[in-house]
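These numbers come from the heavy atoms of this one structure, side chains and all, not from hydrogens, waters or symmetry mates.
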Amino acid sequence: MTIQELAEGRIAGGKRRQDDIVRVVLIASTILSFVIGFASSSLMITMSTFALCTVALSLVVLPPWPMFNHHPVTWLSVQGESQK
């Protein structure tokens with residue numbers, strides 16, 4: 001069991017796919033941004049490339065796409081109001 005699993009708990013099916021997509025795309029965009037920025041010797045191009053990849057990633061994983069909702073999490077019902 002990893003430290004991330006201990007801190008975040010268990011991740012369900014669609015969330016695991018989303019987590020994997022985010023991890024792979026962020027690592028790839030970091031490497032791509034570094035290479036492009038190093039080749040052009042421009043920090044602005046490096047940051048712009050990374051920002052563009054991050055915005056594109058957000059458009060992929062933030063909306064509630066059907067592929068991430070195959071196994072929705074069922075929440076427990078409220079037992080009663082808490083005592084003050």
Side-chain angles (χ1 to χ4, degrees):
M1 185 171 273
T2 65
I3 295 173
Q4 181 180 5
E5 289 173 346
L6 288 173
E8 295 179 356
R10 202 166 168 196
I11 299 176
K15 295 296 275 183
R16 180 168 303 282
R17 181 180 301 148
Q18 187 176 14
D19 188 50
D20 291 341
I21 291 170
V22 168
R23 184 177 294 119
V24 168
V25 171
L26 283 178
I27 291 170
S29 66
T30 301
I31 293 168
L32 178 72
S33 299
F34 177 77
V35 169
I36 290 173
F38 188 77
S40 65
S41 299
S42 173
L43 186 60
M44 188 173 101
I45 292 175
T46 302
M47 293 301 174
S48 299
T49 306
F50 187 73
L52 212 96
C53 291
T54 304
V55 168
L57 175 64
S58 297
L59 291 174
V60 170
V61 296
L62 287 181
W65 299 109
M67 65 183 174
F68 297 131
N69 290 328
H70 283 298
H71 306 286
V73 176
T74 54
W75 298 94
L76 296 175
S77 60
V78 177
Q79 295 289 329
E81 293 185 18
S82 61
Q83 300 285 332
K84 289 186 177 181

Residue of the set S42, S33, S29 for which side chain to side chain contact (heavy atoms under 4.5 Å, CB included) holds with T49: S33
Worked verdict on L26 versus F50 for side chain to side chain contact (heavy atoms under 4.5 Å, CB included): CA-CA 9 Å; L26 283 178; F50 187 73; 4.2 Å; yes
Interatomic distance, S48 atom OG to I36 atom CD1 [nearest 0.5 angstrom]: 10.5 Å
Shortest non-hydrogen contact between G37 and T46, atoms and distance: CA-OG1, 2.9 Å
pair V22-V60: side-chain heavy atoms closer than 4.5 Å: no
In one Ile/Leu/Val/Met/Phe/Trp/Tyr side-chain cluster, 4.5 Å: I21, V24: no
